[in-house]
Protein chains: 2
Amino acid sequence: MSARDALLDAYEAILLDDGVRAATLEAVAARAGVSKGGLLYHFPSKDALVAGLVARLEALAAEDRDRMRQAPEGAVRYYIRTSNWSGSSLDRALVATSQLAQESDVAARDVVARIGQEWLELIVEQIGDRAISRAILLIGDGLYYNAALTGGTYNTLTGEQSLEELLEVVDHLVELAGARRAS
Amino acid sequence: MSARDALLDAYEAILLDDGVRAATLEAVAARAGVSKGGLLYHFPSKDALVAGLVARLEALAAEDRDRMRQAPEGAVRYYIRTSNWSGSSLDRALVATSQLAQESDVAARDVVARIGQEWLELIVEQIGDRAISRAILLIGDGLYYNAALTGGTYNTLTGEQSLEELLEVVDHLVELAGARRAS
DNA sequence: GTCTATACGGGGATAGAC
DNA sequence: GTCTATCCCCGTATAGAC
């Protein structure tokens, strides 16, 4: 793994575990096993570090959209399943970046907003009804919110069973959208 | 208004507008129109300021539960309507405290978790089905997440219409819970 | 009850050695 | 490509004046 990636991993990890205040250059460098000077070679400023994280999130989200579009279970089920915390690269990058968005970081705020819009559009394409799509999107947002609160320490939906139950509820919403389309 | 309340208002406002990093003692004091020394008379440390915010949130949430229980429209509709950002005291205190929870502040994390559990219990009492209740809770969480991302700059559900549409979708979930109870 | 002055540590960033 | 040394600013907190 490149040193850059190791540094971004460390930055993410600290943001998730301890929050923005703890995510200092020194802490990030130490966690990645380099010195502050070493970090500043790869990322000449803190803004550069943020930009690196934003770029990583953007790439991961684009890959995820492809998988979501092609998911055999359907985009909606795929979206809900992957919104529950699993510790995936996308989970981590998104929750970490959300924290920066809350610090009024414009780049972070933009990318998080854009990703949400793209998800919404994909769901609308699949099920047709905008109000129901928004409700489904909000359920996923709720899962991310819960992950963010704990830094992804545990799933909101503990165990496979509650996720299955939630998916079943969401299936009903998809059916409802189908019924509305038919009428 | 007491000086204490003015200081807590200022703390909240900075947390919402600019995030935890900007919420320094000096910034809070300035926004409340007192000096740093003045602030430290009322709240002898930053931890005391956090504790003050947590206590305020707890009180507001307790009042809100009473209103939710007695809401003529039902607890679920009340919950969804008030989860959309309106700039209420509870909105502000909850989103501000959520940010502290993400900084691994134990007191903040506990109170936010507890409030969520109480909401869930209230909804379960009213509609019976736990999985559906959890889905409804997550929709509310999603609304809070969106408010938190922007510091409550705007509603996720712009305009009265999209809120009404969402409430309609949620009504279907409540109906579904009723149907499950009947069977 | 609120202010100023001051101490101290930590965070971001630069220069330059290796 | 990574390290140490150093600078300056800012955030927290204490002491004490008014």
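Order of the sequence lines fixes the chain letters, A, B, ..., with proteins taken first and strands second; residue numbering starts at 1 for each chain.
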Reading nucleotides 6-13 of chain D 5' to 3', which nucleotides get B (base under 4.0 Å from a protein heavy atom), which S (sugar-phosphate only), which -? -----SBB
Salt-bridge test for B:Arg77 and B:Asp171: reply yes if a basic N is under 4.0 Å from a carboxylate O, no otherwise. yes
Considering only heavy atoms of chain A and a distance under 4.0 Å, specify the first and last nucleotide of DNA chain C in 5' to 3' order that meet this criterion. C:dG11 to C:dT14
Picking from B:Arg114, B:Arg130, B:Arg69, B:Arg65, what satisfies salt bridge (Lys or Arg N to Asp or Glu O under 4.0 Å) with B:Glu121? B:Arg130
When you look at CD of A:Gln161, are more than 12 heavy atoms from neighbouring residues, nucleotides or ligands closer to it than 6.0 Å? no
Do B:Arg56 and B:Asp5 sit within salt-bridge range, that is, some charged N less than 4.0 Å from a carboxylate O? yes
List the steps and the verdict of side chain to side chain donor-acceptor pair (under 3.5 Å) for A:Tyr79 and A:Asp64. CA-CA 9 Å; A:Tyr79 168 72; A:Asp64 181 72; over 6 Å; no
Salt bridge (charged side-chain N to carboxylate O under 4.0 Å, His left out) evaluation trace for A:Glu165 with B:Arg180: CA-CA 13 Å; A:Glu165 284 174 3; B:Arg180 284 193 185 178; over 6 Å; no
Step-by-step salt bridge (charged side-chain N to carboxylate O under 4.0 Å, His left out) determination, A:Glu103 to B:Arg21: CA-CA 7 Å; A:Glu103 298 293 300; B:Arg21 271 201 125 143; 5.6 Å; no
